[in-house]
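Model, not experiment: these values are computed from the prediction. The sequence lines fix the lettering, A, B, ..., with proteins before strands; numbering per chain opens at 1. Any value given below was found using the heavy atoms of this structure, including those in side chains, with hydrogens, waters and symmetry copies removed.
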Amino acid sequence: MFAYTVRRLLHSIPVLILASLVVFILMQYAGDPLARLRLNPHVTPQDIERLEKEMGLDKPLWARYARWSGDFVRGDWGESMSHHRPVLELIVERMKNTLQLMSAALLFTFILAIPIGIYSAVRQYSKFDYAATFFSFLGFSMPIFWFGLILQMILGYYLTRALGFQLFYTASMYSVGKEYDLINRLQHLALPTITLSLAYIAGWSRYQRSSMLEVIRADYLRTAHAKGLSESKVILKHALRNALIPVITVIMLDMPALFGGAVITEYIFAWPGIGRLLHYGILNGDYFLVMGIVMVSAFLVIFFNLLADILYGFLDPRIAYK
Amino acid sequence: MRKFKFIPFLFLTFVLAVAMIAGCAPKDKEVVKEKPKVEGPIKGGSLVIGYDQEPDILNPFIEGGDMMATAVVIRPVLQGLLEIKPDLTYGPQLAEKVPSFEDGTVTENPFTVTYKIKDEANWSDKTPITSEDVKFTWETIMNEDWKIITQTGYDKIEKIETPDDKTVKIVFTEPYAPWKDLFSGSYFILPKHALEGKDFNAVMNQEIPFSAGPFKFKEWRAGDSITLVRNENYWGEHAYLDSVTFKYIPETTTQLAQFKTGEVDFVYPPPDVDLLEQLEAVPNTVVSIEAGTVWEHIAFNNTNEHLKDVRVRQAVAHGIDRGVIAEDVMKGQVNPLHSFVVPEQKAYYVPAWEIYGHDAEKAESLLKEAGYTKGADGIYTKAGEKLKLTFNTTAGNVARERIQQIVQSDLKKIGIEVEIKNTEANTYFGTWLPNGEYQIGQWAWLATPDPTYTTLFAGDQIPPDGQNYYCYENDEVTKIWHDQDVTIDEPERVKLIKEAQNLMAKDCPFIPLYQRLEFIAYTDKLHGPVNNPTLQGPTWNMGEWWLEK
């Protein structure tokens, strides 16, 4: 097991290098940190040249990559060109906010998706199953952008008007002066959480349903029924445990988003998370910042993939890693 | 078999239920209530402003601090010697008055400007604001270690003398006509006692630990908001509001929703005409619209084989119906602009481009005069070359793309084929324009209160020497631009700038279209905001704002 883990980690190094190289090259075409200044009639080309030199933009691509990767390996993630602050500091600051939003969303998803999946499978082709299937596909295909704005209208604006007070806030993380108020925070969390969960609920419940269906038909379940066990015991104890194994993989592969954030949802709901930071970095050609976030995400993807594989070994005794 | 109890599908029923509640929500009761006359101004209250762009940094002097978002936040905190009023004139701020020839505070040989700083002016820590601070500000701008955005104008200062604490004598190496912009436009006066010996590239990026204005900086919650509070040690009239918070909401639709629910009291959205109607429909709201200082235009590459002939440029100008553009794209909220100087700059403005009325016949006769003949397909040709031009601008800008389509169909009618080819903004401004890789283009410039445009229009300013992306060369015009920059005598300078407009209109190196709108909307409980279409932004007089209880 240990040897397997080490081997997998070593395999990931070339992946990280490749990912960083590709993103670094792409970033050179994404944005220009001095774009705004070039439009200012009071900023002369001499000014631009002077600033390019100070920011190291006059050096060739390979030299900049060598410089960045060298520093990165040594733990210096550079300074954001737009925010003039250390990249690592920015990432940590935003990740805290993203973590709140994403854990709320994933928890909400988990609580809803798993039971829906189970019940759909147990009552296959029932009205509930058809409804769940229909809404899953609806959820899958719903554009997040549109759905978020609709929620703001309905649950934010119209509901407030109907109730006479504000139950759900339309955007941002807290109201001014209520930064540490838990209720206020939950009222702000509600809409982005629902928006984010929609696609996850649709996906996870489908996985849960199909893996459950497979297990339900297995012989050992028939045996369990024959022994006279109650249905809930059969389903929850014997079937669910086995049916969860493939679902764990799916959940693990969604985990990096927990830290990586959700660009669109954070943007619509003005959530000060890491997705918005990334979006801003890309638009402004802030390659130190983008590289930092991308490397964190890449590492998390690798890490959770590995974790999913290792968890498999624990959940399913038939699988062993050598 | 016992039935397996399932957990009800909470989420969906919830959404549906709420949708139903919303559906049968009662219509807004028409509150027929005489709005009582409010006694004011009242002290107290806090305001939340919704704004789409968060500043990168708060230091307006260094790279990254040139955003409007930065200006809007620091305007109530820092002050210049002069301030720019909404009508694009200068008024005194820290200075006692605007220096002039008449009272001898502006003199020639060598060109010298003398300011007197207000006696009562002091920093928030009660240290007086002195002439040393002005000198320190200049030295900071000229310091090569700092990532200063631009040194234009400041590099023409030979020395700054400080005969006493409140007198500043600025001696220039040569006459500099836009001198009022210095220490007033985008830069402010800095406190020497708080900044000397500190790293200016870092010291005021995340906070501004001092204030010269009615508000002072309180905190910045990254990604979320910036809060200013009243500066209790302000030397002038104290602000009425206790605090003002800028909430950063990038999505305009969300901003609107927040404004409607009252989560924010004031919005300053990106100028999108379609948003206006929606804002005006919000009850108890004041909406203020102004023609801004950012102006859109259609540019020609004057070295293009077709466009280098002035008659072809004039034909295009006659062929395009600018009235329709203002009416259709801008919903009639703007008038066509007839110069690169905006009408608000009253003294300098000449509607020079008025000579190009929409006239298809005249356009075609100009083309014929230039030696073109109409082909069977209705497109003019000359020496076997079809009169086909590429028109490009920044992709994704809806208004610009709509204008392109209008231009394309207008020009087709006079026998010019236009091909549209756009790219994203960075490539456009970073590569295409500086390298002259365009035939017809469209972008915007910013009019500053001082009408100097030397780097854009003088013949010796073609990239990489300047920003004359038009590659426009007219020796007479070039001379005027350089002359006016050193003409201190105001009436003489006005004459030169008017002459430049008339000459350039005849050459038609580009066609001005319209001024972009600036609008703000706020709850009618708030009193005092005056939309300022200049780069000062709407917070320029925030000290005078007050809220009804």
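The OH atom of Tyr157(A) sits 9.5 Å away from atom CG of Leu256(B), with the distance rounded to the nearest 0.5 Å. Rounding to the nearest 0.5 Å places CG of Leu149(A) at 5.5 Å from CD of Glu251(B). Atom OH of Tyr280(A) sits about 5.5 Å away from atom CD of Gln53(B), to the nearest 0.5 Å. The structure places CG of Asp224(B) at 9.5 Å from CH2 of Trp271(A), a figure rounded to the nearest 0.5 Å. Atoms CG and CZ, from Asp56(B) and Arg85(A) in turn, are 11.5 Å apart once rounded to the nearest 0.5 Å. The distance from atom OG1 of Thr227(B) to atom CD of Glu179(A), rounded to the nearest 0.5 Å, is 7.0 Å.
Residue contact with chain B, scored on non-hydrogen atoms closer than 4.5 Å, involves the backbone and the side chain of Ile268(A) alike. Looking at Thr245(B), the atoms closer than 4.5 Å to chain A (heavy atoms on both sides) all sit in the side chain, from C-beta outward. Only the backbone of Asp465(B) comes within contact range of chain A, with at least one heavy atom under 4.5 Å from a heavy atom of that chain. Contacts between Phe165(A) and chain B at a heavy-atom distance below 4.5 Å are absent for every atom of the residue. Residue Gln255(B) does not touch chain A at all, counting heavy-atom pairs closer than 4.5 Å.
The minimum heavy-atom distance between Ile148(B) and Leu51(A), with the atom names listed, is O-CD2, 4.0 Å. Heavy-atom minimum distance, Ala222(B) versus Glu93(A): CB-OE2, 2.8 Å. Thr170(A) and Thr254(B) get closest at one heavy-atom pair: O-CG2, 4.4 Å. In plain terms, the two heavy atoms of Gln152(A) and Ala257(B) that are nearest each other are OE1-CB, 4.2 Å. Here the closest heavy-atom approach between residue Ser82(A) and residue Ile57(B) is recorded as O-CG2, 4.0 Å.
Taking Ala270(A), Gly156(A), Gly139(A), Ala171(A) one by one and counting their heavy-atom pairs under 4.5 Å with chain B, the maximum is reached by Ala171(A). Counting heavy-atom pairs under 4.5 Å between each of Arg94(A), Glu49(A), Met173(A) and chain B puts Arg94(A) at the top. Annotation: maximal heavy-atom pairing with chain A below 4.5 Å, among Gly466(B), Pro463(B), Gly64(B), Pro250(B), occurs at Pro250(B).
Seen from the ring of Tyr248(B), Arg276(A) does not count as a face-on cation partner, given the 6.0 Å and 45° thresholds.
Under the side chain to side chain contact (heavy atoms under 4.5 Å, CB included) rule, Glu63(B) has a single partner from His84(A), Arg50(A), Met81(A), which is His84(A). Shown are Lys247(B), Glu263(B), Arg221(B); of these, the side chain to side chain contact (heavy atoms under 4.5 Å, CB included) with Ser172(A) is made only by Lys247(B).
Environment of OH in Tyr174(A): crowded, with over 12 heavy atoms of neighbouring residues, nucleotides or ligands closer than 6.0 Å.
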